[in-house]
Novice: 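Take this structure, written in structure tokens, and hold onto it; I'll ask about it next.
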Amino acid sequence: MINEELAAVFDEIAVLIELGEDNPFRARAYANAARTIRSLPEDINMMEANGSIASVKGLGKELRSHISEYLASGKITLKDTLVAAIEPGLIEMLRINGLGPKRIRAIHEALQIQSINALADACRDGKVAALPGFGPKSAANILKNIEFLQEQQAYVRLDIAAAALQSVIDELKQFPLIKMISAAGSVRRRKEIAHDLDAVASVAKEEDRAAVMDAFTHVSAAQEILAHGLTKSTILLRAGIKMDLRVVTEDTFATALLHFTGSKESNVALRSLAGKAGMKINEYGVWRGEERLDIVDEAGVYAALGLAYIEPELREDRGEFEAAANNILPNLVTEADVKGPLHCHTNWSDGAASLEEMAEGARALGYMYIGICDHSQAAAYAHGLSPADAARQHKEIDALNRKYGAAFHIFKGTECDILKDGALDFDNDTLASFDFVVASIHSAFQQSEEEQTQRLLRALSNPYVTILGHLTGRLLLQREGYSVDIPAILSAAGKRGVAVEINANPQRLDLDWRWHKTAAQLGVYLPICPDAHTVAGLKDVAYGIGAARKGWLETKHIPNTWDTETLRQWFLKTRSAARG
DNA sequence: GCCGTTTTCGGCCCGACTGTTTTCAGTCG
């Protein structure tokens with residue numbers, strides 16, 4: 001995808017400018033351009049050809065000329081010039097916490113250090129401590145942060161982050177001086193991976209803050225105190241994740257929560273909007289001129305700016321302010337809207353629970369139905385079902401459905417492998433025996449983008465495919481997804497009436513939420529599928545809901561928020577439409 | 001490098017914490 005490639009080059013240029021010169025705003029312009037390009041609704045080649053690129057905010061004359069150069073030649077000369085002028089080791093050093101461009105340049109100019117390892121040595125033998133503006137504590141901190149960088153993962157998955165954050169919050173809730181406490185940061189925004197954890201707490205009186213901070217820095221999960229102030233402290237949890245707590249008085253809790261929920265980009269945009277309206281917003285309140293407004297909750301902050309309430313998941317500066325101003329924000333799907341989980345495994349293939357246990361698990365969660373999708377025969381590693389196995393499983397499902405009657409329904413599905421050439425792993429007669437078919441790739445990940453795209457397009461042309469499973473095959477922080485032309489697949493899926501799942505397993509969250517809005521605009525339905533292999537795995541639906549909300553989705557986009565009969569009709573329609 | 005109801009120059013979100021200073025720069029979120 002050319003937009004992503006170009007955005008990546010602009011990100012690199014932003015970093016190079018940060019290290020190379022003193023104008024942070026120029027670097028920011030490139031970083032903003034990268035973000036803008038990532039959220040463009042269409043191929044940038046097209047937008048350049050039809051001239052619509054000229055009206056995109058944040059892409060001025062200079063940036064547009066770089067874009068033209070890249071589209072014509074595949075490179076940007078400015079980047080080569082910057083690369084030639086900067087030691088590659090310095091870019092690496094930006095990853096060291098507490099070390100920014102200014103101090104990296106100072107160290108490099110004084111000591112000619114070019115790598116992180118050389119920097120660690122210079123910290124150990126006192127050379128860094130002797131530099132003007134540095135001292136023994138700076139050197140020790142840099143060394144500590146280098147060690148942290150080399151030992152720890154910089155990010156953790158949402159499920160791990162959310163659990164760690166909740167356990168600290170639960171512990172702090174026992175502390176009587178804390179009046180209110182809430183998760184904030186990227187976990188509250190339901191981002192798929194987290195860099196660190198944030199929480200905001202309120203106290204009745206300013207003098208209570210010190211005791212609260214003492215409690216926080218000594219919670220049972222704390223391993224080390226990294227910063228300890230009256231309003232902000234940072235600890236390192238034993239799980240290897242950093243956590244910030246902000247403590248404010250009750251009258252500033254709403255603005256503090258808004259501020260520390262972020263994202264940074266949405267805060268910048270919000271404050272810029274406030275400035276234009278003659279107002280000022282910070283974590284301590286909202287001012288119109290000299291007057292501090294009486295704000296009781298986050299909605300009050302948005303209302304003061306004439307905006308509808310923006311849910312935390314949407315706060316990424318991806319068009320939510322414009323939608324809030326025009327009162328056209330989406331009516332976001334909620335967990336309570338989901339009527340049943342599709343794409344669930346049983347011990348017929350690689351699941352841990354029986355068919356009946358999975359059905360009972362879904363019933364216990366209040367669902368109206370469940371879609372069972374065990375693996376197909378090619379997935380030998382997962383004990384994939386043969387056509388005969390599938391027929392026997394269907395008899396068991398029929399028996400259970402007779403027992404449940406109108407109270408609950410099990411839909412017969414399969415997670416059918418898409419073979420290397422794009423053919424499906426079952427013949428059409430077998431596929432026709434299921435209510436719906438999830439088609440997924442589980443092999444030959446190394447094919448080129450062109451091959452992988454053709455493979456998926458061929459699978460899409462099979463009239464029995466209802467849903468494409470985990471479109472890119474990514475495993476967050478473990479494995480990149482295979483390369484595939486996502487817009488081409490979404491466009492074809494929309495035309496053909498095939499859905500693309502939001503795999504709700506927190507290791508996957510695939511299709512990525514950044515594509516959801518585009519997919520919905522192309523007419524693609526996006527069911528939330530837990531890919532559950534255990535009864536407990538059914539609860540992963542919550543992560544899928546988080547992703548769908550980040551992707552601006554409503555119930556009309558998500559078939560498994562519909563009732564049993566509507567879903568059944570949709571399965572039938574998808575199939576008959578494809579057969580003409 | 002971008003932008004404009006304070007419009008072609010001068011801003012660009014804004015405050016906390018740390019370490020090194022002795023009033024502030026750098027970094028972070």
Side-chain angles (χ1 to χ4, degrees), chain A residues 10 13-14 16-18 21-36 54-67 76 78 93-107 128-142 144-145 184-189 191 194-200 209 213 217 225-235 242-248 252 255-256 258-287 315 317:
Chain A
F10 278 157
I13 292 176
L16 291 163
I17 291 172
E18 251 195 316
E21 58 185 79
D22 265 327
N23 184 0
F25 297 107
R26 186 165 174 243
R28 190 187 294 174
Y30 281 90
N32 284 342
R35 212 164 40 80
T36 301
S55 58
V56 177
K57 237 180 107 186
L59 302 180
K61 201 174 147 205
E62 184 75 19
L63 282 162
R64 287 202 302 274
S65 92
H66 292 317
I67 291 170
I76 296 177
L78 171 65
M93 287 182 204
L94 271 178
R95 293 167 54 218
I96 302 168
N97 206 277
L99 209 50
K102 293 258 170 68
R103 303 216 298 167
I104 289 172
R105 264 192 291 161
I107 291 168
V128 169
L131 293 176
F134 291 77
K137 283 196 173 174
S138 292
N141 265 332
I142 292 169
K144 196 175 80 183
N145 285 320
S186 68
V187 170
R188 182 164 180 244
R189 300 199 315 275
K191 222 174 151 201
H195 179 58
D196 55 17
L197 311 178
D198 295 279
V200 179
R209 294 181 300 171
M213 280 307 188
T217 51
I225 301 169
L226 300 175
H228 191 165
L230 279 176
T231 56
K232 177 201 164 185
S233 293
T234 308
I235 59 174
K242 290 179 190 175
M243 175 170 172
D244 281 345
L245 179 72
R246 300 285 181 139
V247 179
V248 297
T252 59
T255 43
L258 182 67
H259 176 77
F260 295 114
T261 296
S263 64
K264 190 175 145 191
E265 290 80 9
S266 72
N267 283 348
V268 170
L270 183 69
R271 288 171 187 203
S272 163
L273 277 179
K276 282 174 193 155
M279 301 172 68
K280 191 180 103 156
I281 295 178
N282 64 24
E283 56 260 62
Y284 297 111
V286 180
W287 286 264
R315 299 178 196 167
D317 191 23

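Residue numbering restarts at 1 for every chain, and letters A, B, ... go by the order of the sequence lines.
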Novice: Restricting to non-hydrogen atoms, name the atom on A:Lys144 and the atom on A:Leu226 that form the minimum distance, rounded to 0.1 Å.
Specialist: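 A:Lys144 and A:Leu226 have their closest heavy atoms at NZ-CD2, 3.9 Å.
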
Novice: Which value, in whole Å, describes the distance between the P atoms of nucleotides B:dT27 and B:dT21?
Specialist: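 Those two atoms are separated by 15 Å.
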
Novice: What is the 5' to 3' range of DNA chain B, first to last nucleotide, that sits under 4.0 Å from any heavy atom of chain A?
Specialist: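 So the outermost contacting nucleotides come out as B:dG1 to B:dG29.
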
Novice: Might you point out which heavy atoms bring A:Val248 and A:Ala256 nearest each other, and give the distance in Å?
Specialist: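 Taking A:Val248 first and A:Ala256 second, the nearest heavy atoms are CG1-CB, 3.8 Å.
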
Novice: Quick one: CE on A:Met213 to CG on A:Leu245, what's the gap to the nearest 0.5 Å?
Specialist: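 Those atoms lie 4.5 Å apart.
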
Novice: Using the C1' atom as the point on both nucleotides, what is the distance between B:dT6 and B:dA16, in whole Å?
Specialist: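 It works out to 30 Å between them.
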
Novice: Expressed as a whole number of Å, how far does the C1' atom of B:dT8 sit from that of B:dG4?
Specialist: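 Nearest-Å result for B:dT8 against B:dG4 at atom C1': 9 Å.
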
Novice: For the C1' atoms, the ones on B:dG29 and on B:dC13, what distance do you get once it is rounded to whole angstrom?
Specialist: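 Nearest-Å result for B:dG29 against B:dC13 at atom C1': 11 Å.
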
Novice: If you measure from the P atom in B:dG15 to the same atom in B:dG10, how many Å do you get, rounded?
Specialist: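 Result for the P pair: 24 Å, nearest Å.
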
Novice: Taking atom C1' in both B:dT18 and B:dC9, compute the distance separating them and give it to the nearest angstrom.
Specialist: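 To the nearest whole Å, 36 Å.
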
Novice: So what does A:Leu270 hit on the nucleic acid, given a heavy-atom distance under 4.0 Å: a base, only sugar-phosphate, or nothing?
Specialist: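 No contact.
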
Novice: Indicate whether any N or O donor in one side chain lies under 3.5 Å from an N or O acceptor in the other, for A:Asp317 and A:Ser266.
Specialist: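 No, no side-chain donor-acceptor contact under 3.5 Å.
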
Novice: Describe, in one word, how the ring planes of A:Phe10 and A:His66 are oriented to each other, choosing from parallel (under 30°), tilted (30 to 60°) and perpendicular (over 60°).
Specialist: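 A:Phe10 vs A:His66 ring planes: perpendicular.
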
Novice: Which heavy atom in A:Ala33 sits nearest to a heavy atom in A:Leu59, and how many Å separate them?
Specialist: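 Minimum heavy-atom separation between A:Ala33 and A:Leu59: CB-CD2, 3.7 Å.
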
Novice: Sticking with atom C1', work out how far B:dT20 lies from B:dA25, rounded to a whole angstrom.
Specialist: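 Here B:dT20 and B:dA25 have their C1' atoms 9 Å from each other.
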
Novice: So what does A:Lys280 hit on the nucleic acid, given a heavy-atom distance under 4.0 Å: a base, only sugar-phosphate, or nothing?
Specialist: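 Sugar-phosphate: the residue A:Lys280, judged by heavy atoms under 4.0 Å, touches backbone atoms but no base.
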
Novice: If B:dT8 has a Watson-Crick or G-U wobble mate with both distances under 3.5 Å, name it; if not, just say none.
Specialist: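 Looking at the geometry, B:dT8 pairs with no nucleotide.
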
Novice: Remember a base hit wins even if backbone is also touched, and classify A:Phe260 as base, sugar-phosphate or nothing at under 4.0 Å, heavy atoms.
Specialist: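 No contact.
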
Novice: For B:dC12 versus B:dT7, give the span between their P atoms, rounded off to a whole number of Å.
Specialist: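 To the nearest whole Å, 15 Å.
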
Novice: From A:Asn282 CG over to A:Leu258 CG, what is the distance, rounded to the nearest 0.5 angstrom?
Specialist: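 These two atoms lie 11.0 Å from each other.
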
Novice: Would you mind reporting whether A:Thr261 and A:Arg315 have side-chain heavy atoms less than 4.5 Å apart?
Specialist: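 A side-chain contact under 4.5 Å exists here.
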
Novice: Heavy atoms only, 4.0 Å cut-off, all strands: where does A:Asn267 land among base, sugar-phosphate and nothing?
Specialist: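 The answer is nothing, as A:Asn267 stays clear of every strand by at least 4.0 Å.
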
Novice: When the nearest nucleotide of DNA chain B is assigned to A:Pro136 and to A:Ile96 on a heavy-atom basis, which residue is associated with the more 5' position?
Specialist: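 Per heavy-atom nearest nucleotide, the more 5' residue is A:Pro136.
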
Novice: Any base atoms under 4.0 Å from A:Lys264, or only sugar-phosphate, or nothing? Heavy atoms, all strands.
Specialist: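 Result for A:Lys264 = base.
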
Novice: With nearest nucleotides of DNA chain B determined for A:Ile281 and A:His228 from heavy-atom distances, which residue corresponds to the more 5′ nucleotide?
Specialist: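 Taking each residue's closest nucleotide, the earlier one in sequence belongs to A:Ile281.
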
Novice: At under 4.0 Å between heavy atoms, what does A:Pro132 touch on the DNA or RNA strands: base, sugar-phosphate, or nothing?
Specialist: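 Nothing, no nucleic acid heavy atom in range.
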
Novice: Give A:Leu230 one of three labels, base, sugar-phosphate or nothing, depending on what nucleic acid heavy atoms sit under 4.0 Å from its own.
Specialist: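 Sugar-phosphate: the residue A:Leu230, judged by heavy atoms under 4.0 Å, touches backbone atoms but no base.
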
Novice: Heavy atoms only, 4.0 Å cut-off, all strands: where does A:Asn32 land among base, sugar-phosphate and nothing?
Specialist: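 No contact at all - A:Asn32 keeps every heavy atom at 4.0 Å or more from the nucleic acid.
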
